[in-house]
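As the structure lists them, so they are numbered: ligands from 1, and atoms in each ligand from 1.
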Amino acid sequence: MRKEVVLITGANGEIGHGLIEYLGETCGMQIVAIDVVPLDESIRKYCVRFVQGDILDGMLLGRLVAEYDIRTIYHLASILSTKAEYNPEAAHRVNVEGTLNLLRLANEQAQWQGQPVKFLYPSSIAAYGLPSLEVKNSAGKVKEQDFCNPTTMYGINKLYCEHLGRYYSNHYRQLAADRARNSLDFRAIRFPGLISAQTVPTGGTSDYGPEMLHAAAQGIPYACFVRPDARLPFMAMPDAVKALIELEAAPREKLSQLVYNVTSFSPSAAELREIVLGAFPGAEITFAPHAARQGIVDSWPADVDDSAARRDWGWKPDYDQERAFKEYLLPAIIQRYQK
Ligand code: SER
């Protein structure tokens, strides 16, 4: 008998840490994890198997398929928006070809198992592209179908992979006589910027939020790379994990779309600074805007409309801005750096 497992790519990343800990602690799931870098000891114990390798390595994925019944995939591996701009073609390979490999794997698994494989995909506010700051400031809560003209390679990759998910779910090999039905159950969440107490992101453009907080907690001066008035939606990591878990568990028939916005709070960089200074009064936080990175932030919405997620699968964040800092981020970060 082959073991039934959950496959998590990009396991050592920010969401990977939170998700693996949650699944391991509360669900006792059999987790097979992949990442290009070694998996942190703190989450290694929750995985039945860790494979250090690349999702572009077809042989590696082939070996996993031979060994396990993969029931659910959380495909978290990705090159984030800032890093992707330094090597767009390499980012495209990881973000698009990597996703294609996983979609194909999921489809093949579904054929073997005779039932759909669930494919959870974290998309992003980067899938949006607002044409100007004026439009951003007057757009209000942006809906899933609006302003889908991303300007970054990462955002374009995310938007396209959402479409690939739809294709593999509903139209794969639509002309084939032996066309398999319902082979893939693709579900995507467009995440806002995420802030975790445990990890600091690398290579993203919403990173100024978590960077500011983690720097202050360590007594390191921080020069914020966006203007004080820059505004993006954010969410605390426990809510991001909760969103993935709840969307995974939602009955298929309740889901009226494949891609959902979720969000919690939308502070400006100046407001973030005030909150951080409130907790660490001696912190040195200055502003040194980087024009190109600011341009990316200006093209992302200040807020998104997550009413479809609320209606279809009961989404509601546990942590609003006040609670996120007071009850999760600040206590956990203070404890972390006091160690
Ligand atoms: N946080 C990501 C980034 O900044 C967006 O999904 O690239």
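- In this view, Thr26 satisfies the side-chain hydrogen bond (donor to acceptor under 3.5 Å, both in side chains) rule with no residue, not counting sequence neighbours.
- Taking a 6.0 Å sphere around NZ of Lys45, one finds it holds more than 12 heavy atoms contributed by other residues, nucleotides or ligands.
- The number of heavy-atom neighbours closer than 6.0 Å to CZ of Phe287, taken from other residues, nucleotides and ligands shown, is above 12.
- A 6.0 Å sphere centred on CD of Glu322 holds no more than 12 heavy atoms belonging to other residues, nucleotides or ligands.
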Show the atom names and distances, to 0.1 Å, of all donor-acceptor pairs under 3.5 Å that link a side chain in residues 187-195 to residues at least two apart or in another chain.
unit_1, atom_1, unit_2, atom_2, d
Arg187, NE, Asp185, OD1, 3.0
Arg187, NH1, Leu247, O, 2.7
Arg187, NH1, Glu248, O, 3.1
Arg187, NH1, Ala250, O, 2.8
Arg187, NH2, Asp185, OD2, 2.9
Arg187, NH2, Ala250, O, 3.3
Arg190, NE, Glu162, OE2, 2.8
Arg190, NH1, Tyr128, OH, 2.9
Arg190, NH1, Glu144, O, 2.8
Arg190, NH2, Glu162, OE1, 2.8

Which atom pairs, nitrogen or oxygen on both sides, join ligand 1 and the protein at under 3.5 angstrom?
unit_1, atom_1, unit_2, atom_2, d
ligand 1, 1 (N), Ser206, OG, 2.9
ligand 1, 4 (O), Ser81, OG, 3.4
ligand 1, 4 (O), Thr205, N, 2.5
ligand 1, 4 (O), Ser206, N, 3.0
ligand 1, 4 (O), Ser206, OG, 3.3
ligand 1, 6 (O), Ser124, OG, 2.6
ligand 1, 6 (O), Tyr154, OH, 2.9
ligand 1, 7 (O), Ser81, N, 3.0
ligand 1, 7 (O), Ser81, OG, 2.5

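- Among residues two or more places apart in sequence or in another chain, the salt bridge (Lys or Arg N to Asp or Glu O under 4.0 Å) test is passed with Glu67 by Arg49.
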